[in-house]
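Since the structure comes first, as structure tokens, the remarks are kept for the end.
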Amino acid sequence: MSAAPTRRVLVANRGEIAVRVIRAAHSCGWEAVAVHSDADAGSRWVALADEARHIGPSPARRSYLDIDAVVQAALDSGCTHVHPGYGFLAERPEFARRVREAGLVFVGPSAEVIESMGDKASARRTAEEAGVPVVPGSGVVADPAGARAAAADIGYPLLIKAAAGGGGRGIRVVRADDELEGAVSTAQAEASAAFGDGSLYLERSIEGARHIEVQVVGDTHGNVVHFFERDCSVQRRRQKLLEEAPAPGLSTTLRDEITGAAVRLAAEVGYQGAGTVEFLVEGERFYFIEMNTRIQVEHPITEMVTGTDLVVEQLRVAAGEPLSVSQGEITLQGVALEFRINAEDPQQDFFPSPGELTRFDPPNGPGVRVDSGFVSGGRIVPYYDSLVAKVVVHGRDREEALARATQALTELTVDGVVTTRDLHLSLVADEEFRAGGVTTTWFEERSTASDRSAEG
Amino acid sequence: MPTIPSPLPGVFYRRPSPDQDTYVSEGDQITEGQTIGLIEVMKNFTELKATAAGTVTEFLVDDESEVSVGQDVAVLE
């Protein structure tokens, strides 16, 4: 019997996710090739990989976002697979397509699936076809009269959204009937200027909801399973600060419904690889928002509560192997929390704080995991994102997880840059947070309240 | 000679976007407060404004390279 061919994966990313993918590859006997820009030449992931390729100057668009350079690096280093990590090229259908055309395997769904989930209108249609509830809304409205008719059906408050928009741009909130007409004409003008397309649609504004998302993985043998949910409601300007699995206080009925809906949606598109279906949850109702067709920053908390290495599952699926677990074998054990330690100053409106990590001592101990792309002496450069480390804790229950979080965050020492560590310590101690079930507006309302009390 | 220092650590850009012209070129006359570039810190962009009026004689930092706080970016005459 001949030995299985060596699988060699190019890790088309940097930082902690590059380290994470290299470790997963090695743990299943694959070789891993790192890429790096000028600024990242001496990085931790370069040291951990079997081989490293320089792909360009420091600005991301000339290195990590350069599809030609990345695909060439994979071919030159004899790779069989390409793992995109998250961010950069991970959800660019043309990248997945180019990898495939180069005769390599993309670790993720097909370019066509990435494309269809990346388009808001098409993702919404697919969700409806799969029987997944979407936020009540209208089709494209042509004029103020059309908007009035749609608003009467939907009710207030509502959002006017540019059909061609994205990333939170082109959205206006309307709270009452008399604001509608003016808002429609301004939104139309804005959408034409920003996107070259003035098409609008209306959607109910769901306020005071929780952001709950379901981790799914599909393989090439027709299996789609879920790994339960994460609560990512603690956000600032739609950016997640910390995440928790499972969502505290979720009823068993709602959990069954929401995980079932996520699996139906993934199955509807023949999803292969790891993905996340995001929902807004209001009381016992839930609404699909979007699907992320990649591994996410917060995947470790799901790994902690299900005991499954999701990146290894991604590699298995990409190699054509079946998932290592069936739905019945995936059970929830305990509670996990992830804290994003960013080089940002919460006292200065979260302004980034690049610099050298003159000292970086991550915590450890029972139930503590730290994912980072850095070691002491490393540099947080201004070219990329500000993530220094993810502190992940796991406990038998929420109380134990929160206690471990306090201990781990206290032990964490980062000198040389300002970080969000102290903010996380204050969140862990916050009574409302500890009670569980906060909504997506909670953090900003808390910050405003604390500003007022400081002024008063 | 007066200089224009960067108020932030980050990456200096001479153009508003890769496919547009530079804000100013060597030899250009500029006014106080005029934007001469951008400083990017982890996807946050801040305009770099001239701290005095004059003629730009030299850029001391290459386009798309790192600057530290207080580092001189351009020289005026």
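Chain A is the first sequence line, chain B the second, and so forth, proteins listed ahead of strands; every chain is numbered from 1. These numbers come from the heavy atoms of this one structure, side chains and all, not from hydrogens, waters or symmetry mates.
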Exercise. Side-chain contact, heavy-atom cut-off 4.5 Å: A/Pro354 with B/Val41?
Worked result: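 A side-chain contact under 4.5 Å exists here.
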
Looking only at N and O atoms, which donor-acceptor pairs between chain A and chain B are within less than 3.5 angstrom?
residue  : atom : partner : partner atom : Å
A/Arg61  : NH2  : B/Glu64 : OE2          : 2.0
A/Arg62  : NH1  : B/Glu64 : OE1          : 2.6
A/Arg379 : NH2  : B/Glu66 : OE1          : 2.7
A/Pro382 : O    : B/Met42 : N            : 2.8
A/Tyr383 : OH   : B/Glu64 : O            : 3.2
A/Tyr383 : OH   : B/Glu66 : N            : 3.4

Exercise. What residues, two or more places apart in sequence or in another chain, satisfy salt bridge (Lys or Arg N to Asp or Glu O under 4.0 Å) together with A/Arg20?
Worked result: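 So A/Arg20 forms a salt bridge (Lys or Arg N to Asp or Glu O under 4.0 Å) with A/Glu303, A/Asp309.
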
Exercise. Using non-hydrogen atoms only, which part of A/Pro352 is less than 4.5 Å away from chain B: side chain, backbone, both, or neither?
Worked result: both

Exercise. Can you name the nearest heavy-atom pair linking A/Val381 to B/Met42, along with the distance?
Worked result: O-CE, 3.7 Å

For this session: Please state whether the side chain, the backbone, both or neither of B/Ile39 comes within less than 4.5 Å of a heavy atom of chain A.
Result: neither

